[in-house]
There are 8 protein chains.
Amino acid sequence: MNQEELKILLTKIYNKNLSPDDAIKQLQNLPYENLEFAKIDHHRELRNGLPEVIYSQGKSIPQLKKIIKSLQKADSNILATKLSAEKYKALKPFLPKKAQYNENGQTLVIKKDTPIEGKGLIAIITAGTSDIPIAEEAAVTASLLGSKVETIFDVGVAGLHRLLDNIEQIKKARVLIVVAGMEGALASVVGGLMAQPIIAVPTSIGYGASFGGIAALLTMLNSCATGISVVNIDNGFGAGCIAHRINLLGEKN
Amino acid sequence: MNQEELKILLTKIYNKNLSPDDAIKQLQNLPYENLEFAKIDHHRELRNGLPEVIYSQGKSIPQLKKIIKSLQKADSNILATKLSAEKYKALKPFLPKKAQYNENGQTLVIKKDTPIEGKGLIAIITAGTSDIPIAEEAAVTASLLGSKVETIFDVGVAGLHRLLDNIEQIKKARVLIVVAGMEGALASVVGGLMAQPIIAVPTSIGYGASFGGIAALLTMLNSCATGISVVNIDNGFGAGCIAHRINLLGEKN
Amino acid sequence: MNQEELKILLTKIYNKNLSPDDAIKQLQNLPYENLEFAKIDHHRELRNGLPEVIYSQGKSIPQLKKIIKSLQKADSNILATKLSAEKYKALKPFLPKKAQYNENGQTLVIKKDTPIEGKGLIAIITAGTSDIPIAEEAAVTASLLGSKVETIFDVGVAGLHRLLDNIEQIKKARVLIVVAGMEGALASVVGGLMAQPIIAVPTSIGYGASFGGIAALLTMLNSCATGISVVNIDNGFGAGCIAHRINLLGEKN
Amino acid sequence: MNQEELKILLTKIYNKNLSPDDAIKQLQNLPYENLEFAKIDHHRELRNGLPEVIYSQGKSIPQLKKIIKSLQKADSNILATKLSAEKYKALKPFLPKKAQYNENGQTLVIKKDTPIEGKGLIAIITAGTSDIPIAEEAAVTASLLGSKVETIFDVGVAGLHRLLDNIEQIKKARVLIVVAGMEGALASVVGGLMAQPIIAVPTSIGYGASFGGIAALLTMLNSCATGISVVNIDNGFGAGCIAHRINLLGEKN
Amino acid sequence: MNQEELKILLTKIYNKNLSPDDAIKQLQNLPYENLEFAKIDHHRELRNGLPEVIYSQGKSIPQLKKIIKSLQKADSNILATKLSAEKYKALKPFLPKKAQYNENGQTLVIKKDTPIEGKGLIAIITAGTSDIPIAEEAAVTASLLGSKVETIFDVGVAGLHRLLDNIEQIKKARVLIVVAGMEGALASVVGGLMAQPIIAVPTSIGYGASFGGIAALLTMLNSCATGISVVNIDNGFGAGCIAHRINLLGEKN
Amino acid sequence: MNQEELKILLTKIYNKNLSPDDAIKQLQNLPYENLEFAKIDHHRELRNGLPEVIYSQGKSIPQLKKIIKSLQKADSNILATKLSAEKYKALKPFLPKKAQYNENGQTLVIKKDTPIEGKGLIAIITAGTSDIPIAEEAAVTASLLGSKVETIFDVGVAGLHRLLDNIEQIKKARVLIVVAGMEGALASVVGGLMAQPIIAVPTSIGYGASFGGIAALLTMLNSCATGISVVNIDNGFGAGCIAHRINLLGEKN
Amino acid sequence: MNQEELKILLTKIYNKNLSPDDAIKQLQNLPYENLEFAKIDHHRELRNGLPEVIYSQGKSIPQLKKIIKSLQKADSNILATKLSAEKYKALKPFLPKKAQYNENGQTLVIKKDTPIEGKGLIAIITAGTSDIPIAEEAAVTASLLGSKVETIFDVGVAGLHRLLDNIEQIKKARVLIVVAGMEGALASVVGGLMAQPIIAVPTSIGYGASFGGIAALLTMLNSCATGISVVNIDNGFGAGCIAHRINLLGEKN
Amino acid sequence: MNQEELKILLTKIYNKNLSPDDAIKQLQNLPYENLEFAKIDHHRELRNGLPEVIYSQGKSIPQLKKIIKSLQKADSNILATKLSAEKYKALKPFLPKKAQYNENGQTLVIKKDTPIEGKGLIAIITAGTSDIPIAEEAAVTASLLGSKVETIFDVGVAGLHRLLDNIEQIKKARVLIVVAGMEGALASVVGGLMAQPIIAVPTSIGYGASFGGIAALLTMLNSCATGISVVNIDNGFGAGCIAHRINLLGEKN
């Protein structure tokens with residue numbers, strides 16, 4: 001039941017074509033439909049240019065085509081994450097020209113023509129060069145959501161000076177995303193030096209006792225530095241989302 | 001907003017004291033409140049004699065007293081689980097005479113005076129004598145919910161004949177609860193022999209590589225026998241609940 | 001030893017062609033054979049149309065061919081689970097025309113000509129589109145066993161309204177199967193809203209700290225909602241079996 | 001070397017009492033000392049009323065006394081976390097009157113007389129009553145740091161309506177902290193409904209396969225809802241810190 | 001149904017006091033009872049002096065008393081394992097004089113007056129002195145079952161010569177039990193040097209990354225030496241049982 | 001230093017060509033070399049027909065060729081385990097005609113012409129057909145070592161009667177090897193029924209929460225039945241070795 | 001800011017072209033830049049011939065080319081680790097003639113023409129032949145850093161004499177690296193026999209409950225022998241680095 | 001057999017009182033005894049003042065008394081680790097006056113009167129104050145072994161400047177021990193800044209996802225900085241031993 005239908009129902013009561021008691025019966029199912037339109041309203045306010053997001057892993061080419069087609073009809077910005085180069089190649093003939101594929105970050109973006117004006121700066125920092133793909137996933141996500149993004153790569157704690165040399169640039173951001181695999185210590189060090197909210201992203205980079213990112217995840221969760229919270233291993237998309245949500249605070253929408 | 005209030009609102013429209021447009025604004029919050037009364041209705045139908053349940057671990061004596069007092073006002077059947085003997089002793093002076101404490105199962109039951117007529121039989125089977133407390137938690141739960149319960153203890157697979165001797169009794173039940181710690185193999189063996197739905201409850205009985213019940217849990221989840229599903233380690237209460245839900249099927253309420 | 005043979009033996013005693021002492025020796029092996037025919041009887045009662053099930057993983061094409069051939073001789077309904085498209089392709093030339101392969105669910109069904117009349121409704125609900133294959137494995141299983149099945153896909157908790165919109169359809173079922181990967185929270189939410197027995201199936205969908213389905217498994221085992229039990233990760237078949245066993249209760253066979 | 005000392009050194013050069021070459025040698029150690037005063041400066045700006053924090057676990061009474069005494073000299077706001085009632089009792093005779101102990105949250109606060117004017121609202125939501133201590137740790141932390149805090153307890157997903165009834169209150173906050181043990185699904189549901197940044201805190205509440213909070217932790221890390229990041233199990237303090245850092249954005253200090 | 005009863009039934013048929021058809025009905029339950037007496041027969045052969053075993057953990061004093069009393073009636077040898085000194089103290093007044101408590105091994109033995117004549121030697125070897133209690137549990141078990149036992153303590157691999165000095169004594173045994181905590185490497189070294197079957201028992205001795213015996217367990221399971229199999233962490237009883245079963249081979253009973 | 005060399009040295013002393021003091025210096029290195037020939041002696045006694053064993057995983061074709069060639073020179077029986085069909089194919093042209101490859105068990109055997117006379121029976125029992133490869137690895141190993149072997153496949157606990165039908169055959173063996181994946185409950189059931197020593201082999205068969213064999217491993221380690229010990233997951237070779245060592249007891253070599 | 005720039009600034013003060021107060025402002029950023037040149041100095045002293053190291057996993061061919069090219073310009077010794085044969089093949093046309101690829105150890109070395117004079121001996125010992133690749137990674141690393149290296153392969157504890165035969169050679173080294181997979185017991189045995197510092201490297205060799213090297217890792221961490229410390233699973237490079245650092249002590253640089 | 005006895009035997013040969021053949025038989029057991037005296041010799045060289053070490057956990061007061069008494073007879077330096085204050089209190093009346101108990105480090109030291117002259121400096125660095133007990137265990141161990149030790153406490157990465165302020169002091173040491181719990185990042189940061197060999201000690205300090213030190217352990221094992229190796233969680237003793245072994249290199253003994 002949408003607002004139109006609700007209004008028709010209430011008008012029927014107003015016009016005494018429906019008794020309050022009968023109306024109550026019809027409204028039994030209202031909450032859910034009602035909730036839906038409430039959600040829609042709420043979303044409208046929120047979603048100025050918010051992309052629809054497709055998690056591509058475990059989806060077939062036909063499924064992906066169908067979802068993308070349906071979203072294009074709805075005139076949404078579209079973001080597909082974890083999209084392998086093979087899948088992209090198979091999808092490419094069916095995509096509009098403006099579709100942008102980022103092979104590093106494994107993201108596909110199809111933007112509407114109305115430009116996104118980024119505001120508020122998110123700095124995305126990686127410990128190593130192997131962490132860059134996840135950082136790019138975060139960067140593409142946050143950019144498409146409407147944040148300005150700067151990236152600082154390969155400043156891990158084994159060479160502390162590399163980080164310290166970039167302190168001034170990092171200070172300018174409102175929110176920090178720290179992406180690190182192996183032992184993931186970069187988040188703690190950045191947390192000790194900087195005052196912004198930090199979203200830490202463990203990556204699955206490493207071998208042996210890195211256990212596919214568990215080592216970095218635990219490091220970040222146990223950080224003795226304050227102001228750090230953590231997303232799933234390799235979840236650049238999730239980091240981009242929460243960093244953007246934070247970045248919106250105090251900004252005009 | 002409860003039904004009464006909704007009716008008042010709709011009557012205002014009916015009497016043209018409120019326009020449909022203004023009513024829509026007031027209904028914006030309806031879904032949630034509406035959902036609540038829907039839940040209550042639904043619950044009323046469901047809860048003939050359904051107890052309110054208190055998970056006692058991590059709750060202080062004053063908190064427990066307050067919750068029990070509030071539930072007694074509502075004239076509910078009450079079930080407290082994982083209630084240690086120490087806590088029970090501290091609560092005892094404040095409990096009504098009809099309160100029944102089961103030290104093995106660590107349950108406290110306060111029943112309303114209207115009797116519960118059990119129907120449909122649930123058989124609760126344990127591998128060892130050390131699994132009995134969890135079995136009793138399940139038995140108390142299912143009984144209070146309104147199922148008939150029989151228990152068969154200490155028929156683990158190390159002496160298969162003990163199980164086989166009780167097959168006839170087990171056959172009479174509509175639903176089986178199998179409670180086992182250590183390697184938890186009993187669920188598979190019962191599943192291979194019997195045709196009823198089986199709820200398997202791993203217990204934390206054991207030592208070393210039983211890892212507090214993980215061994216039994218994994219055994220049960222990986223059972224090669226069909227017709228088995230599993231609840232949390234030591235979760236007699238949960239087993240009693242789902243077994244009762246199953247037991248209701250095809251029974252008159 | 002079947003009943004016929006047992007009768008012949010006892011008649012020999014009755015006719016004094018066999019002494020009680022010699023009979024005892026021959027009966028030494030009886031229990032097991034006896035148990036077997038008891039099982040067979042029991043099975044006959046149980047198995048109206050029950051399929052023989054082949055777990056295909058780790059079996060070679062020749063092994064699969066041989067098992068299927070033997071089952072066809074026995075005129076059983078046949079269900080093969082976890083059968084990859086590659087294996088199906090290799091088997092196809094040897095299969096009867098009525099064989100049905102479900103690529104999504106990775107199931108192969110060969111039904112006898114006597115139709116299965118489904119009764120009682122099982123609703124199978126997934127959190128995401130990536131969980132559909134496991135849901136289809138459950139659906140094919142329960143259908144072949146003789147239950148009616150409806151599926152409701154992609155109603156995960158990130159968009160709660162999608163679930164709430166389908167509440168009426170879900171209410172009609174006798175048993176619910178909830179299939180979810182990632183954090184698996186859908187089972188708890190459905191458990192909080194609905195009154196039927198719920199079989200929760202964690203899937204291996206996700207990455208990083210989903211640990212191949214462990215996250216969803218733990219979520220479901222720890223559910224604070226009552227009336228939920230859990231099967232192995234990706235075990236659509238097992239969920240279909242127990243849901244059907246439950247669905248039989250109170251139904252005429 | 002502090003600013004005063006640096007100025008003396010530079011003045012010596014200015015007055016030609018020290019050559020640039022000799023000064024370089026003395027400045028060899030400067031970075032670290034320099035970094036220290038830089039940190040101090042930076043902190044001064046940040047720390048309007050920022051407490052010094054003492055993690056009390058594994059510290060003896062004499063150690064705690066000594067640390068508190070030293071911080072009082074420095075005229076800081078003081079926050080001690082994870083301080084057991086026993087330790088508090090032992091410390092009490094030595095504490096100033098204005099010291100406030102929160103037994104639930106296991107926090108001790110000693111505030112300076114200059115009042116903290118809270119700004120920006122953080123809503124702290126718990127799934128159950130057993131999660132309240134961690135929520136209070138977060139509340140005390142964020143309050144002392146200078147945020148306004150509201151708490152909404154016991155709105156877990158097993159009774160969804162309880163959450164939905166509080167939506168309006170939750171909407172008013174700038175940042176949300178969601179505290180949940182057992183299966184921790186509340187974070188996903190809140191994440192699906194609300195648009196603010198969410199800090200999820202898994203708690204160790206539960207038993208069996210909750211594994212001391214791992215189940216809730218994994219649920220939160222794998223959340224399919226966007227806008228969620230996670231801190232350590234039972235880390236109410238950490239959640240309060242990052243929530244406050246986020247809450248500062250766009251606020252005048 | 002025991003053999004006597006079966007014979008009576010068969011004689012009734014023989015004497016035409018019972019028809020074969022009626023006998024079949026009475027024999028329906030036979031398998032299980034039959035299995036039982038088969039088990040008994042089989043056991044009688046096996047159990048010359050075999051003790052009844054009570055796993056004491058998680059059993060109350062009244063339960064223990066009742067079990068011991070019932071076993072004494074049956075005139076069995078009795079072995080209770082994992083019996084704490086506290087529990088023993090509570091039981092002591094009710095035990096017969098011949099009861100022997102081993103505080104190290106936490107075992108209680110009540111032997112019948114007919115002496116057990118040990119045969120075949122089992123050597124039990126520990127890596128450290130802290131592993132002795134588990135070794136004693138194994139020794140008491142195997143002795144009571146009827147094996148001769150020698151113990152060699154504190155010959156861990158950190159001082160290889162200690163082991164090598166005892167090679168001659170170890171060579172005399174038919175079966176070896178190797179008990180080791182921490183890294184558990186002793187089993188591999190003994191396996192490389194000796195030709196007997198080896199039962200390896202990991203103990204929970206150690207700290208940190210010994211994880212309560214997991215380190216030793218994994219070491220023993222992965223041993224590159226041949227001829228080693230493993231029982232549960234701290235399971236001296238289990239090691240004693242299998243070692244005795246092995247030790248029986250080729251011995252006259 | 002071998003026996004010959006030692007004799008030469010001692011003879012030099014005897015002939016006063018070497019003083020005792022100088023001899024002591026030369027004997028400083030003796031222990032190890034001495035140990036070696038002791039080991040050799042010991043081995044000679046043990047190794048009537050004992051194969052040299054090659055663990056093939058992680059070894060290249062050239063390495064395998066070289067090792068096999070060197071062993072053939074030494075006129076040993078040869079056993080290669082975990083040898084994939086691909087590797088075998090590459091090795092085949094270089095192998096003698098009598099080489100036997102078992103694709104199921106992934107074993108390669110090259111026997112000397114002197115026949116191995118098997119003695120003592122080992123029964124190898126599997127829960128499912130997918131466990132057969134590991135059972136065959138065990139069978140090939142024990143046979144080559146000189147034991148008689150019988151195999152009983154696919155008698156898992158889901159259909160208990162299948163096991164019970166084979167009890168008589170199983171009773172004839174001196175040692176049992178039980179091979180099972182998934183929940184691994186077969187070992188416990190066999191342990192409850194039979195009196196021989198049992199070597200349990202968990203396999204990696206299964207999916208989801210079988211965790212590559214961990215579920216079966218834990219089940220077997222925690223078995224409530226006595227007389228069971230366990231080898232590594234998929235370690236058919238190890239089971240064959242220890243079973244043979246046990247089988248030798250009381251047999252004439 | 002480098003030393004030159006700092007001197008210019010200080011000279012400006014000296015020449016009264018800059019006031020001390022203004023200088024302080026400019027020095028605010030000094031620490032980090034200052035730290036950088038300090039690090040460089042320190043490195044110069046340390047890095048006589050120290051290679052730049054490239055961790056090749058997860059890096060693309062173009063990335064590797066670019067990094068190698070940049071390092072060659074800087075005239076460094078270059079070491080790439082974990083470089084697969086495939087990647088090497090793709091890189092080969094672009095590498096200088098003096099580039100040395102070690103396929104076993106998966107290392108690529110490009111040495112400057114100035115020879116490295118090795119000093120101090122590191123002995124690298126492996127348990128099996130499958131551990132050799134990791135040992136070679138360690139050997140190549142330590143050699144390039146400037147240590148002398150000897151390797152002793154396949155002396156695992158299953159045949160203790162093989163180790164004992166090589167004791168004399170091992171005694172000559174200043175530092176030992178022990179490389180072992182499976183149960184990793186070699187480190188403990190070497191630790192019990194020898195007096196040098198030992199770096200233990202667990203490898204991922206093994207199957208089943210070796211869990212990709214966890215078993216060996218835990219064994220080494222829990223070693224009851226003293227003088228052992230441990231690096232990550234398969235981390236030959238790390239072992240080579242720390243062994244070389246240790247080997248430098250007391251040696252002239 | 002000790003050297004004396006060996007000389008007597010060889011002299012008998014020399015004097016033709018024993019034939020070489022008979023001598024060989026007597027020497028059969030030599031290796032082990034021989035090995036023992038070799039070990040003793042080797043030890044004598046190594047053990048100038050080396051303490052005998054007692055791991056106190058899991059040992060009773062009578063056992064501890066007996067071991068200490070026996071070691072005192074042997075006139076050794078004695079070190080007991082992990083000795084609780086309770087146990088110390090019970091032992092105290094039996095200890096000599098010179099016994100030194102360190103309650104923080106839980107160590108007991110009984111030194112011989114000959115003074116230990118420390119040489120070479122080991123710096124022991126902790127991240128937090130709660131890590132001090134393990135640091136003291138390391139310090140007491142290394143001191144008693146004969147190293148000079150300095151300690152630098154509470155310089156964790158959350159306040160990087162605290163570490164940087166102590167760089168000069170740390171530079172003076174030959175070996176570094178870094179002790180850290182929680183996320184354990186300090187080892188990586190020190191490893192990036194310093195050139196000495198580093199022994200990293202994870203501690204069990206922390207809560208929640210620190211998992212009793214696993215988080216710190218994994219961090220240290222995965223460190224991207226070179227020159228780090230790791231000992232067991234809370235193993236200050238082990239760190240002290242290996243640091244001392246390293247510290248001996250290049251020093252005169």
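All values below come from the heavy atoms of this structure, side chains included, with hydrogens, waters and symmetry mates left out. Letters A, B, ... are given to chains in the order of the sequence lines, protein chains preceding strands, and every chain is numbered from 1.
- A ring-ring contact (aromatic ring centres under 6.0 Å, His included) check over residues 174-200 of chain H, counting only residues at least two apart or in different chains, returns nothing.
- Between A:Leu218 and H:Ala215 the shortest heavy-atom distance is CB-CB, 3.7 Å.
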Distance-only donor-acceptor pairs under 3.5 Å across chain A and chain H:
| from | atom 1 | to | atom 2 | distance (Å) |
| --- | --- | --- | --- | --- |
| A:Glu183 | OE2 | H:Ser188 | OG | 2.3 |
| A:Glu183 | OE2 | H:Cys224 | N | 3.1 |
| A:Ser188 | OG | H:Glu183 | OE2 | 2.3 |
| A:Ala209 | O | H:Asn222 | ND2 | 2.8 |
| A:Ser210 | N | H:Asn222 | OD1 | 3.0 |
| A:Thr219 | OG1 | H:Thr219 | OG1 | 2.6 |
| A:Asn222 | OD1 | H:Ser210 | N | 3.1 |
| A:Asn222 | ND2 | H:Ala209 | O | 2.9 |
| A:Cys224 | N | H:Glu183 | OE2 | 3.1 |

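- H:Ala187 is linked by a side-chain contact (heavy atoms from CB on, under 4.5 Å) to H:Val178, H:Ala200, H:Met220, H:Ile228, counting only residues two or more places apart in sequence or in another chain.
- Taking A:Ala239 as the reference, A:Ile177, A:Ile199, A:Val201, A:Val231 meet the side-chain contact (heavy atoms from CB on, under 4.5 Å) condition, with sequence neighbours excluded.
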